[in-house]
Amino acid sequence: MTIVTRFAPSPTGLLHIGGVRTALFSWLYARRHGGRFILRVEDTDRERSTAEAVQVILDGMQWLGLSHDEGPYYQSRRFDRYAQVLQQLLTEGKAYHCYCSKEELEEMRNAQLARKEKPRYDGRCRQRTAPVPGVQPVIRFKNPLDGEVIVEDLVHGPVVFQNAELDDLIIARSDGTPTYNFCVVVDDSDMNITHVIRGDDHLNNTPRQINMLRAIGFTPPAYAHVAMILGPDGAKLSKRHGAVSVLHYREEGYLPEALLNYLVRLGWSHGDQEIFTLAELVRLFDITDVNKAASAFNPDKLLWVNQQHMMHAPLPYLAGILREQLQRLGIETQDQPLLEGVVAGQRERAKTMKEMAESSRYFFVADVVIDDKAGRKHLGGEGAAMLGRLRAGLDALSDWSAAGVHGVLTAIATDAGVGLGKVAQPLRVALTGTAVSPPIDATAALIGRERVLGRLDRALQWAATP
RNA sequence: GCUCCCUUCGUCUAGAGGCCUAGGACAUGGCCCUCUCAAGGCCAGUACACGGGUUCGAAUCCCGUAGGGAGCGCCA
């Protein structure tokens, strides 16, 4: 049997990391078992669904590399099919028209609540044979009155529900449009879904869906309900942290494989391993190993995981991302060797590609502005003297390379009888404008002879200006 | 209110009755390395929600309690 999983987001809010994690689990499960992964957009609520949210789902999945084998399907385009199944259920006596007014329903509900009962429809229209004039009825599913439904959940184990706890849910509104639980059932059946992996907020819906699936003659799929992701504070994920469009992470300079790596570790692990490539995940992941408890989103660890991936990713790949991040800062460059050199020097100094771009400006611009504090600390007195020696030594350097620059620095340090730091820091401030950069020999080599000499001259001027 | 779900360091987790005086990772503090900042290395502190059982022995099994979450819509 081919495994078929699906990711079925509703475009009523922007796709965030919670949704991405369930998508990832579904995708991994399908890939791991050589199955198929379907993308289905659940947009039956035309009021709240937005085109922007749909676009974020599409773009986000693509950015993350969670490719689908079928779809995207849109529920809004399948209404004919839903109407057909609705009619079938009606004909077979498995569903019925309900003419109860909202007021009547409200009254029923209040009475039940007053009796400390769970509010539920009492099925009073089940026996009705004649329509009520002037009332557009809804359609309700005839749920079994007794017995139990056992959800054999892949992460929770068997969960038992009493049919007596369930009621006859509305599967079509009075305007004829089908409702969520019903559409899911028809789709999962039509698309031959074998494994439904979704958030555990749907666990309570599952027995109803199983009953409906059986009513339309489909063997229910296997289910795996995964816990949700909490905010760093342990409360529900908020806009402040995490509950933002997944594309926000791209803008912030996170690598897609790092985001996925971080997310998969929320509820899943493989021994003591923290860093995984996607290929490893496909090989190692199993939905039955996923934990039951909800977990909190930890931005610090995401940052660490991101840097770990940055330190191991191929240079040309990161260079491309750095170029895009620089573009956002208004810096255009096509200098591939420079970009790769900067990545090599900066990737263990930045936690995100955005941060790398921000701290690498001096590699790509013509001049730098010397930071006052750094200048005062390293370019005064002795520092200014060093600048002169540096200017002369580097000007005379024939082998313009990190090793060559290094040779000049050590010679000056030895000659002056000082540590390398006394020579390196003034040069660093002169070349970068700040007291922080990759090793100064490599930095100078990347910036290039001409600009280095020019910056040294300007630093000399700076030091001479009171 | 009713039904269902969950509970190991601050956080993510390992742990399927003895290997646990509970392991790893992030974060935190200290030290080392060092031209800066990082990265890296070493060290430190911090956890089995609580109470009963079962057992020679329980983080692991059972029962309660407490706390948290979800669902109970002509929302998805």
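Sequence lines set the chain letters: A, B, ... in the order given, protein chains first and strands last, and positions in each chain run from 1.
At a cut-off of 3.5 angstrom, the base of B/C37 holds no donor-acceptor pair with the side chain of A/S437. At a cut-off of 3.5 angstrom, the base of B/C37 holds at least one donor-acceptor pair with the side chain of A/R349. A/D272 contributes no side-chain N or O that forms a donor-acceptor pair with the base of B/A25 under 3.5 Å.
B/C19 is unpaired under the Watson-Crick or G-U wobble criterion, no partner having all donor-acceptor distances under 3.5 Å. Pairing for B/C42 goes to B/G30, judged as Watson-Crick or G-U wobble with the two contacts each under 3.5 Å. Pairing of B/C4, defined by two Watson-Crick or G-U wobble distances under 3.5 Å, is identified with B/G69. Both distances falling under 3.5 Å, in either a Watson-Crick or a G-U wobble arrangement, occur for no nucleotide opposite B/A58. Base pairing of B/C35: no nucleotide in any strand meets the Watson-Crick or G-U wobble criterion (both distances under 3.5 Å). Taking a pair to require two hydrogen-bonding distances under 3.5 Å in either a Watson-Crick or a G-U wobble arrangement, B/C50 pairs with B/G64. Under the Watson-Crick or G-U wobble criterion, with both distances below 3.5 Å, B/A25 is paired with B/U11.
Taking side-chain N and O atoms only, A/T44 has a distance below 4.0 Å to OP1 or OP2 of B/A76. Residue A/K236 places none of its side-chain N or O atoms closer than 4.0 Å to OP1 or OP2 of B/G68. OP1 or OP2 of B/G40 has at least one side-chain nitrogen or oxygen of A/Q308 nearer than 4.0 Å. Note on A/R198: every side-chain N or O is 4.0 Å or more away from OP1 and OP2 of B/A76. At least one side-chain nitrogen or oxygen of A/K351 sits closer than 4.0 Å to the OP1 or OP2 atom of B/A39.
Looking at A/T22 and A/R198, their side chains never bring a donor and an acceptor atom within 3.5 Å of each other. A donor-acceptor contact under 3.5 angstrom links the side chains of A/D168 and A/Y96, judged on distance only. A side-chain N or O of A/Q307 and one of A/K351 form a donor-acceptor pair less than 3.5 Å apart.
Distance noted for atom C1' between B/C33 and B/C48: 38 Å (whole Å). Comparing B/A76 with B/A39, their P atoms sit 48 Å apart, to the nearest whole Å. Spacing between B/U7 and B/U65 at atom C1', rounded to whole Å, works out to 13 Å. Only the C1' atoms considered, B/U8 is 9 Å distant from B/U13, to the nearest whole Å. Annotation: B/C20 and B/U34 have their C1' atoms spaced 39 Å apart (nearest Å).
Between A/N143 and A/D167 the shortest side-chain heavy-atom distance does not fall below 4.5 Å. Using a 4.5 Å heavy-atom cutoff, the side chains of A/L39 and A/R6 are not in contact.
Across all strands shown, A/D175 has no heavy atoms under 4.0 Å from either base or sugar-phosphate atoms. Note on A/N181: a base of the nucleic acid sits closer than 4.0 angstrom, heavy atoms only. Contacts of A/P438 with the nucleic acid, taken as non-hydrogen atoms under 4.0 Å apart, include base atoms. Residue contacts for A/H202: at a heavy-atom cut-off of 4.0 Å it reaches a base atom on one of the strands shown. If you check every strand for non-hydrogen atoms under 4.0 Å, A/R48 touches a base. Using a 4.0 Å heavy-atom criterion, one finds that A/K118 contacts the bases of the nucleic acid, with or without backbone contacts as well. Nucleic acid contact class of A/P207 (heavy atoms, under 4.0 Å, all strands): none.
Around atom CG of A/D175, more than 12 heavy atoms belonging to other residues, nucleotides or ligands sit under 6.0 Å away. Around atom CD of A/E280, more than 12 heavy atoms belonging to other residues, nucleotides or ligands sit under 6.0 Å away.
In the set B/A70, B/C2, B/C26, B/C26 carries the atom at the smallest distance from any side-chain atom of A/W304. Side-chain proximity of A/L420 to B/A76, B/C26, B/C35: nearest is B/C35.
Classification of the A/H97-A/Y99 ring pair by plane angle, with boundaries at 30° and 60°, yields tilted.
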Readout for nucleotides 5-13 of chain B: B = base within 4.0 Å of protein heavy atom, S = sugar-phosphate only, - = neither; 5' to 3' it is SSS---BBS
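A residue-by-residue look at A/P9 and A/P119 shows that A/P119 has its nearest nucleotide of RNA chain B further toward the 5' end.
When atom types are taken as modelled, the side chain of A/R120 and the backbone of A/A164 share a donor-acceptor pair closer than 3.5 angstrom.
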